[in-house]
Amino acid sequence: MVEQLSPSVRSVPSTPLVEKSVSVYAPASVGNIGPGFDTLGMAVTGMGDTLTGFLEKREGADRITSISGAWTSLPTDPSQNTATIAARYLLDKAGYPDLKLTVSIQKGVPGSGLGSSAASAVGGAMLAHLLLGSPFGDSDLLDAAAQSESSVSGGYFLDNVSASLFGGISVSNSRLREAFRFGGFSGLFLVFLIPRALLKTSESRKAIPPDVPLDRAIGALANSAGLLTAVHLGNPDLFCRMLQDPLIQPYRKKLIPFFDDLEKVSREAGARSFIISGAGSTMMALTDNPQDARTIQETLEKYVQYKQIPVLVRSSTIDSEGARHVATPHL
C-alpha cells in the first residue's frame, strides 16, 4: 500500500525553461489527522495555492511580483517566503544560481491549520522542478519544501508538506526525514470550520505538556493504526470511528473559542468525528454519508451566522493528486 519515493536527481540531463511561464497548484492539507501527531497528513480539495513563474538570466535576487488571496500579510521578500526559499534551494542544487525566478502567488489556503506555508513551499519546489526540466525525484522535492518551512518556522516537519506534495494520505517520520504516500481514499466527506482568528503553531505546541498519560498515548497509537487500516481496507466507516484524538486535542481545544459548541452542533447534525485540523484554529467535521455532510454544512452555516461567530464553513474531500502542473496564465 505504501508508495516508495522516486529516486533523487535523475541521471538524464534536463534543459531549463528560460522566460517561459509555468503554473503549479499545491493543495491544502490536514496535519496529524487527529491522533497521528506529526506523522499523518491528508491533502484536501477545494483549497490550495497556485504559483506562476518563469526563469531568466539576470543579476539580483528572485522576485515575488504579487501575493493575492492571503488572510494575513505575507512576506514578498524572497528570502522570507517559503515558496521562493524552496525554489531557490532546488535551483542552486541543480547548479543554476545564475537563473533567477520571478513568481506570483495566489493563496487559496484560508486561516490557520490547513498547511498554508506548506502549500507555498511545495508549490515553490514543484515550480522550480518543472522550470528546470523535471530533474528531481520526490525525495528532493520533499526535502526542499521541508527545509523551506523549517527556515521560517524553526521546526522540520513533514506531515503537511508530504500530503500536499503526494496527495492522499501520507505517513512521515520527521526525525528520519522520510515520508511516504500511504494511499488514496474515497467515501469521506469533510466540513471545515475556519475561524478568522489565527492560531500560531508555536502557541499551539506550548499547550501540550511534556508528559502525558500513558492510556491516552496508547489510545492515540491505536487510533492511528486504525486510520491506516481503514485506508488499506477502503473502509470509511472504520476511518470515522478511529478519527479520535485522546492525546493532544484535549489540551489544544482550549485555545480555540467555541470549540465545544461547534463540536456539539456538528455531531447533532450527523458528524461522525470532530477534530482540530493540524495545530488549529481550523476544525474539521467528518462523515461517510454525503447527505449528512450537506446537513452538517448547512447547519453550521446557519449556526455561526445566528451566533455571529467569525468562522468560515467549507466542504471538501480528500485530494488524491497532490501538487501538479496546471494551465499557465500570463504573468
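Sequence positions, counted from 1, serve as the residue numbers for this chain.
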Polar contact flag, side-chain donor to acceptor under 3.5 angstrom, Glu301-Gln305:
no

Grouping I, L, V, M, F, W and Y whenever their side-chain heavy atoms are under 4.5 Å apart, do Ile275 and Leu238 come out in a common cluster?
yes

Shared hydrophobic cluster, Leu312 / Val44 (ILVMFWY, side-chain heavy atoms < 4.5 Å):
yes

Arg272 meets the side chain to side chain donor-acceptor pair (under 3.5 Å) criterion, sequence neighbours left out, with Asp237, Asp288

Exam field: side chain Thr82 to backbone Ser117, donor-acceptor pair closer than 3.5 Å:
yes

When you measure from the side chain of Asp49 to the backbone of Lys107, do you find a donor-acceptor pair of N or O atoms at a distance under 3.5 Å?
no

Residues two or more places apart in sequence or in another chain: which of them pass side chain to side chain donor-acceptor pair (under 3.5 Å) with Glu298?
none

Under a plain distance cut-off of 3.5 Å, with no hydrogens placed, do Asp77 and Ser79 share a side-chain donor-acceptor pair?
yes

Sort and list the pairs that fulfil ring-ring contact (aromatic ring centres under 6.0 Å, His included) and have at least one residue in residues 233-271, not counting sequence neighbours.
Phe185-Phe239, Phe259-Phe274

Report the residues that fulfil side chain to side chain donor-acceptor pair (under 3.5 Å) with Lys206, sequence neighbours left out, ordered by chain and then residue number.
Glu203

Less than 4.0 Å between a side-chain N and a carboxylate O, is that true for Asp38 and Arg205?
yes

Report yes or no: does Ser112 contribute a side-chain atom to a donor-acceptor pair with the main-chain N or O of Leu199 at less than 3.5 Å?
yes

Honestly curious: do Val109 and Val191 fall in one hydrophobic cluster under the side-chain, below-4.5 Å linking rule?
no

Salt bridge or not for Asp260 and Lys264, using N-O below 4.0 Å?
no

Validation row: Leu55, Tyr96 side chains within 4.5 angstrom (heavy atoms):
no

Answer yes or no: are there more than 12 heavy-atom neighbours, outside Glu56 itself, under 6.0 Å from its atom CD?
yes

Please determine if Lys100 and Asp62 form a salt bridge, counting it only when a charged side-chain N lies under 4.0 Å from a carboxylate O.
no

Over all heavy atoms of both residues, which pair between Leu91 and Ala128 is shortest? Give the atoms and the distance, please.
CG-CB, 4.4 Å

Charged N-O contact under 4.0 Å between Asp319 and Arg324
yes

Would you find more than 12 non-hydrogen atoms of other residues, nucleotides or ligands less than 6.0 Å from Gln291 atom CD?
yes

Answer with yes or no whether the hydrophobic clustering places Val30 together with Trp71; edges join I, L, V, M, F, W, Y residues whose side-chain heavy atoms lie under 4.5 Å apart.
yes

Members sharing Ile218's hydrophobic cluster (side chains within less than 4.5 Å):
Leu214

Do you reckon Ile276 sits in the same ILVMFWY cluster as Leu193, going by side-chain contacts under 4.5 Å, direct or chained?
yes

When rounded to the nearest 0.5 angstrom, what distance separates OG1 in Thr295 from CG in Leu300?
10.5 Å

Does any donor atom in the side chain of Tyr156 or Asp143 lie under 3.5 Å from an acceptor atom in the other side chain?
yes

Exam field: side chain Ser316 to backbone Gly46, donor-acceptor pair closer than 3.5 Å:
no

Is there a side-chain contact between Ile296 and Phe189 (heavy atoms, below 4.5 Å)?
no

Side-chain (Arg181) to main-chain (Phe166) donor-acceptor, under 3.5 angstrom:
yes

Quick one: do the Thr65 and Ser104 side chains pair a donor with an acceptor below 3.5 Å?
no

Under 4.5 Å between any side-chain heavy atoms of Leu286 and Cys240, yes or no?
yes

Residues in side-chain contact (heavy atoms from CB on, under 4.5 Å) contact with Thr39, at least two apart in sequence or another chain
none

Are Asp159 and Ser172 linked by a side-chain donor-acceptor pair shorter than 3.5 Å?
no

